[in-house]
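Have a look at the structure below before the remarks.
Read the numbers this way: they start at 1 and go in the same order the structure lists the ligands and their atoms.
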Amino acid sequence: MTRYDADIMNTQFNLPGILKPEPGAGNLTRITVTGPHANATIYRHGAHVALFQPHGERPVLFMSQQSQYANGKPIRGGVPVIFPWFGPHPTDATAPAHGTARLTDWNLIATAQRTDGVVELVFALPPFLQYRVAIGRQLELTLEVHNTSQSPLQFEEALHTYFAVSEIRQCTVTGLENARYDSKVEGVTGQSQGTAPIQFTAETDRLYLNTRATCVIHDPGWQRRIVVEKDGSDSTVVWNPWIAKAKAMPDFGDAEWPAMLCIETVNARGNAVTLAPGQTHALRATIRVEPA
Ligand code: BG6
């Protein structure tokens with residue numbers, strides 16, 4: 001634990017009874033939030049939201065039991081923050097997948113409780129990133145990129161949300177009707193989704209470009225819908241590793257794939273963002289649960 005971790009354990013950011021900084025898994029510092037609307041847990045490592053649970057609901061986010069919690073490793077599940085590249089690095093095969101933001105300790109720079117009870121935490125990763133996590137009945141995640149440099153800044157980014165589902169094969173996703181996707185699994189580009197809701201019968205890894213649509217996960221097993229609204233995002237990724245890929249991932253349980261689904265709020269490939277010096281871009285995902 002660093003001096004900084006020790007410092008945030010003091011009362012400076014402590015909304016008494018609501019925020020509790022503490023050593024978490026792998027001795028990584030996390031902040032637990034016991035709010036009037038929901039409970040949450042956020043690790044400084046990656047500014048990683050690992051739990052969001054509105055009162056009276058099941059957890060909304062999936063977390064792998066096999067996740068590693070260690071410096072230099074991503075946390076598996078919850079909401080990895082992806083920046084400045086999505087997937088493999090375009091030119092450097094030795095660079096980590098999905099960028100460096102999820103591997104880095106962020107600074108907690110502000111906390112507040114709004115008059116409506118929503119608890120807000122703001123994390124910063126200099127020189128470019130600020131991340132606001134607002135915990136109410138809904139979870140509102142806002143990643144701001146501010147180009148503090150003297151030259152244009154081009155990047156990809158994602159709020160790589162893992163959702164907990166009762167059984168992936170019984171779930172459907174709506175919102176991406178008629179959108180077009182690239183899929184590494186089938187080796188296709190520009191494929192039309194068609195008009196039917198998405199069903200899951202095999203490994204799924206699709207990058208939908210040029211869509212700002214709200215997506216809804218329909219989960220009949222738990223009789224709920226998870227609604228994912230977004231702003232400042234032109235791409236959506238839908239991912240489930242299925243059997244073989246789950247087995248191949250060291251930090252993911254072999255039998256966990258039926259219990260999760262990623263619907264990711266993204267700007268990637270042709271939707272990468274370019275910011276002039278001094279400009280700011282905000283990527284926002286708003287997540288809520290509704291009865292089915
Ligand atoms: C998804 C990608 O966003 O993340 C998948 O589309 C990838 O291709 C998945 O497998 C998980 O990536 P990682 O680096 O966390 O194992």
Fill in the blank from the handout: The protein heavy atom nearest to atom 10 (O) of ligand 1 is K245 NZ, 2.7 Å
Handout entry: Nearest protein heavy atom with distance in Å, relative to atom 11 (C) of ligand 1
Key = W239 CH2, 3.6 Å
Handout entry: Lys/Arg-Asp/Glu bridge criterion (N-O < 4.0 Å) met for E229, R284
Key = no
Practice task
Using modelled atom types only, decide if a donor and an acceptor are shared between the side chain of W106 and the backbone of Y43 within a distance under 3.5 Å.
Solution key: no
Practice task
Could you tell me whether the side chain of N147 and the main chain of L275 form a donor-acceptor pair under 3.5 Å?
Solution key: yes
Completion exercise
Quick note on ligand 1: atoms under 4.0 Å from a heavy atom of A97 include exactly 14 (O)
Handout entry: Closest protein heavy atom to atom 8 (O) of ligand 1, given as residue, atom name and distance to 0.1 Å
Key = D205 OD2, 2.5 Å
Problem - R76 side-chain N/O to S67 backbone N/O, donor-acceptor pair under 3.5 Å - result: no
Problem - Residue part near ligand 1, for R102, under 4.0 Å between non-hydrogen atoms - result: side chain
Practice task
Give a yes or no answer on whether the side chain of N271 reaches the backbone of S233 with a donor-acceptor pair at less than 3.5 Å.
Solution key: no
Practice task
Give the residue, atom name and distance (to 0.1 Å) of the protein heavy atom nearest atom 3 (O) of ligand 1.
Solution key: E264 OE1, 2.8 Å
Practice task
For the pair R269 (side chain) and F86 (backbone), establish whether a donor and an acceptor sit closer than 3.5 Å, ignoring hydrogens and angles.
Solution key: yes
Exercise for the section: Considering only non-hydrogen protein atoms, determine which one is nearest to atom 1 (C) of ligand 1 and report residue, atom name and distance to 0.1 Å. Expected result: H160 NE2, 3.4 Å
Practice task
Find all atoms of ligand 1 within a distance of less than 4.0 Å from any non-hydrogen atom belonging to F86, and give their numbers and elements.
Solution key: 3 (O)
Problem - Whether over 12 other heavy atoms sit under 6.0 Å from Q154 CD - result: yes
Exercise for the section: May I ask you to list the atoms of ligand 1 that are less than 4.0 angstrom from any heavy atom of K184? Expected result: 8 (O)
Problem - Residue and atom name of the nearest protein heavy atom (relative to atom 16 (O) of ligand 1), distance in Å to one decimal - result: R76 NH2, 3.0 Å
